[in-house]
Amino acid sequence: MKMLLKAEEAAELVMAYVLSLLLGYIWWMFFALLFLPDVFMAGYMVNKKAGAWLYNLAHHKGVAVIIGLTALALSSQAGMLSACVLFGHSALDRMLGWGLKYKDDFKHTHTGWIGKSS
């Protein structure tokens, strides 16, 4: 089951990349922006609760979909690219076994503990 879920996330990452190409962006633009959502880890400099909240906001696929639909309604290509990057980044994280954060510890995610064997 774990491999099936990782394959699904990989397919979502590829879809986000292909959508960025269909929007007319040069092939490397998606990859240049792919790790930008990790800037939201800066919330951990405040405290664990703020860090988890900001991190989860930038890594929630539903937020990416809302941004994408809003950008589509406003005919904003930059907004649609942002949605593709957010969605693709979240898919990449989950494919690698990382996920949304609990407020007790950065390494405690909805997919399990990062760096600890089960």
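The analysis underlying the following values was restricted to heavy atoms, covering all of them including side chains, and did not include hydrogens, waters or symmetry mates. Only a predicted model underlies this, so the values are computations on that prediction, with no experimental measurement involved. For the single chain, residues carry numbers from 1 onward in sequence order.
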Answer yes or no: are there more than 12 heavy-atom neighbours, outside F40 itself, under 6.0 Å from its atom CZ?
-> no

Minimum side-chain heavy-atom gap K48-K101 below 4.5 Å | no

Salt bridge between K61 and E12, side-chain N to carboxylate O under 4.0 Å?
-> yes

Are the side chains of H89 and D93 in touch, meaning some heavy atoms are under 4.5 Å apart?
-> yes

About how many Å separate CE of M95 and OG1 of T111, when rounded to the nearest 0.5 Å?
-> 13.0 Å

Donor on one side chain, acceptor on other, D104 and H108, under 3.5 Å | yes

Count the heavy atoms belonging to other residues, nucleotides or ligands that lie under 6.0 Å from NZ of K49, then report whether that count exceeds 12.
-> no

V39-L92 co-clustered via ILVMFWY side chain contacts under 4.5 Å = yes

Hydrophobic cluster membership, F87 vs F31, 4.5 Å side-chain cutoff | no

Can you find a pair of side-chain heavy atoms, one from Y25 and one from L19, that are under 4.5 Å apart?
-> no

Kindly compute the distance separating CE (M80) from OG (S75), expressed to the nearest 0.5 Å.
-> 6.5 Å

Taking all heavy atoms of C84 and all of S20, pick out the closest pair and write down the distance.
-> SG-N, 4.1 Å

Would a 4.5 Å heavy-atom cut-off, applied to side chains only, mark D105 and W113 as touching?
-> yes

Chi angles and distances behind the side chain to side chain contact (heavy atoms under 4.5 Å, CB included) call for D38, H59 | CA-CA 8 Å; D38 281 337; H59 290 78; 3.1 Å; yes

Are T109 and L100 close enough that some pair of their side-chain heavy atoms sits under 4.5 Å apart?
-> no

Would you mind reporting whether L5 and K2 have side-chain heavy atoms less than 4.5 Å apart?
-> no

Least distance between heavy atoms, V85 atom then L34 atom = CG1-CA, 4.0 Å

Report yes if the distance between the aromatic ring centroids of F106 and Y44 is under 6.0 Å, otherwise no.
-> yes

Taking the side chain as every heavy atom from C-beta outward, state whether V14 and V18 have any pair of such atoms under 4.5 Å apart.
-> yes

With rounding to the nearest 0.5 Å, note down the distance linking CD1 in I67 to OG in S76.
-> 10.5 Å

If Ile, Leu, Val, Met, Phe, Trp and Tyr residues are connected whenever their side-chain heavy atoms lie under 4.5 Å apart, and connections chain through other members, are M45 and F35 in the same group?
-> no

If you round to the nearest 0.5 Å, how far is CZ of F30 from CG of L13?
-> 5.0 Å

Indicate the atoms forming the closest heavy-atom contact of S90 with A58, along with that distance.
-> OG-O, 4.3 Å

Working to the nearest 0.5 Å, report the span between CG of L33 and OG of S82.
-> 8.0 Å

Do L22 and M15 share a hydrophobic cluster (ILVMFWY, side-chain heavy atoms under 4.5 Å, transitive)?
-> yes

Note: A64 and L86 closest approach over all heavy atoms is CB-CB, 3.8 Å

Should I66 and L69 count as side-chain neighbours, where that means a heavy-atom distance under 4.5 Å?
-> no

hydrophobic_cluster_shared for W98 and L4, side chain cutoff 4.5 Å = no

